[in-house]
Amino acid sequence: MILSWLLDTNEKVGLDYQIDKYFNHKMIAFKDVVKKGENFSNVDVYKACEYAAEDALMTLKLFNKQLEVFKEKESEELLKLAFDLEFDFIYVLADMENNGIKVDVNLLKELKETNNKYIQELTAQIYEVSGVEFNINSTKQLGVVLFETLGLATAKKTKTGYSTDEAVLSGLVDAHPVIPLLLKYREAYKLQSTYIEPLLELGLENTDNRIHTSFLHTGTATGRLSSKNPNLQNIPVRSGAGAKIREAFIPKDGYKFVGIDYSQIELRLLAHFSKDEALVDAFKNDLDIHYQTAVKIFGEELAKEKRSIAKSINFGLLYGMGSKKLGDTLGIPSKEAKFYIDSYFEAFRSVKDYLKSIEDFAQINGYIKTLLNRKRLFDFETANAMIKAAYLRESVNTLFQGSAADLIKLSMVEIYKKYKNNDNMKLLLQIHDELIFEIKDEFLYEITKDLKEIMENIYSLRIPLKVTVSIGNSWQELK
DNA sequence: CTCCTCCGCTTG
DNA sequence: GTACGAGCGGAGGAGC
């Protein structure tokens, strides 16, 4: 059985540390649930699943085992209550954590060496060009070098001094030859310290080179999962150099990676909730949603050229954007950004009304609830104007982000239930709107097709749910 | 020496 | 003072 390692520590050698890790973080999660009453509304998600019976015996064993490990008598009742709520999903998480994901340690070693040389070269060049030796990783020291020693123009300040973040450096890229070197250094150092070195170390811990993360079930305000030790939900994907790290994640022999992600799930939820005719039609007809948005705002002729603006607006809507930030994002004056936002709401009238109704609901009731009734509380009573504005943005965002989390959790439970005894397929990772599986070559298409079916039909909305599937011999190939 | 906050960067 | 949700590594200061 999937969790045999958890119940019988002698069955597999070397898994003790995993058991400890599992119990530790689960216990922390349970304590969180007990502490924060609002998370009890998770019950709706699991009630919706209605999958209690089959694993009852094993659950009981697991529960008893936990009580043995954590002798916290006074919290037994509460722990039991919390445990019931976790009933189904806890298995999915434990399964993923136990499966782990294999890394190519030889490739990571190569990356580490070449990247290390590169960092040393950049360091030497930075010292030479700037004329001083200092700790490049220290924002404080770097600020002094750039804005005092070299006398570059300051752009913005942080609480404690000069800002030297990527936006500031990019703005100064032509001002001094050290700037492009710093940008390259930052990227290389980040990859080395946060990804390459820790992943290599973890990969070498196990003879099968598999890395095991911890997924936290109660680690977010919205109902999403989070991942830590290591965080496998923020492995680089955007930069070219970062892509090499994804090459180092590989399936075991005879298996392929399959990535299935929900396409535009939050915007689909916006269409579903708002019932906006234009949005609903676009998704029903499987059109390019950002392009269609551009058509509605700017007209047919300009739509192609303005698609990226429409895309930024679409995402901004889900975050409760303001014109200033949209302007910054697009590199245009906030006045122009405001005009675009106004044009959007002119074209999508019911979206505007709907977003307003979310804010009203949150303010009147002091909470917001997602598609499957997960609640997030807000204390408007004691909030000043700034906090209140933040709560309204969070209310809007939680509806979409949290509902999307509900849906993928439903899918994960359904998939787990169907495949838990099938060694031809394992679920390895969840990255918010995406699942990554390891599937045996022989059953690749059969199982992938079934997973797609499950995910697209997990819940009935006004618009269809759509997933995109990718198959590859490394994580990098899943695109 | 450990712990904490800040900064900056990675991701959906 | 205004775009949501996360985790991690390094610097530097506070406190033991």
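So that the names make sense, note that chain A is the first sequence line, chain B the second, and so on, each numbered from 1. When reading the values below, keep in mind they use all heavy atoms of this one structure, side chains included, and skip hydrogens, waters and symmetry mates.
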Can you measure [X] atom [atom1] to [N] atom [atom2] for me and round it to whole angstrom units?
X	N	atom1	atom2	value
A:E166	B:dG8	CD	P	12 Å
A:N397	C:dA3	CG	P	13 Å
A:D165	C:dG10	CG	C1'	16 Å
A:Q401	C:dC4	CD	P	11 Å
A:Q430	B:dT11	CD	C1'	13 Å

Side-chain N or O of [X] closer than 4.0 Å to phosphate OP1/OP2 of [N]:
X	N	answer
A:T222	C:dA6	no
A:Y189	C:dG10	yes
A:N231	B:dT10	no
A:Q192	C:dG9	no
A:N229	C:dC8	yes
A:T194	B:dC9	no
A:R393	C:dC4	yes
A:R238	B:dG12	yes
A:K140	C:dG13	yes
A:S227	C:dG7	no
A:R224	B:dG12	no
A:K325	C:dT2	no

- Task: Using the P atom as the reference point in each nucleotide, state the distance between C:dA3 and B:dT5 in Å, no decimals.
- Result: 24 Å
- Message: For the C1' atoms, the ones on B:dC3 and on C:dG5, what distance do you get once it is rounded to whole angstrom?
- Response: 26 Å
- Query: For A:N229 and A:S214, does a side-chain donor sit closer than 3.5 Å to a side-chain acceptor?
  - Reply: no
- Message: Could you walk me through whether A:R376 and A:E394 satisfy the salt bridge (Lys or Arg N to Asp or Glu O under 4.0 Å) test, starting with their C-alpha distance in whole Å, then the side-chain angles of each, then the deciding distance to 0.1 Å, before giving a yes or no?
- Response: CA-CA 9 Å; A:R376 179 175 180 183; A:E394 287 163 9; 3.4 Å; yes
- Nearest to the side chain of A:M321 - C:dA6, C:dA3, C:dA11? C:dA3
- Query: Between B:dG8, C:dG5, C:dG12, which one does the side chain of A:T139 approach most closely?
  - Reply: B:dG8
- Distance-only donor-acceptor test, A:T329 side-chain atoms vs C:dA3 base atoms, 3.5 Å: yes
Pick base, sugar-phosphate or nothing for [X], based on heavy-atom distances below 4.0 Å to the nucleic acid.
X	result
A:T398	nothing
A:I235	sugar-phosphate
A:I431	sugar-phosphate

- Message: Test: side-chain hydrogen bond (donor to acceptor under 3.5 Å, both in side chains). Region: residues 152-181 of chain A. Which pairs qualify, not counting sequence neighbours?
- Response: A:E148-A:Y162, A:K156-A:D165, A:T164-A:R186, A:E166-A:S170
- Message: With rounding to the nearest 0.5 angstrom, report the CD to CD1 distance, A:E187 to A:I119.
- Response: 10.5 Å
- Message: Quick check: do A:V258 and A:V469 have side-chain heavy atoms less than 4.5 Å from each other?
- Response: yes
- Item | Residues which pass salt bridge (charged side-chain N to carboxylate O under 4.0 Å, His left out) with A:E438, listed by chain and number, not counting sequence neighbours | A:R210
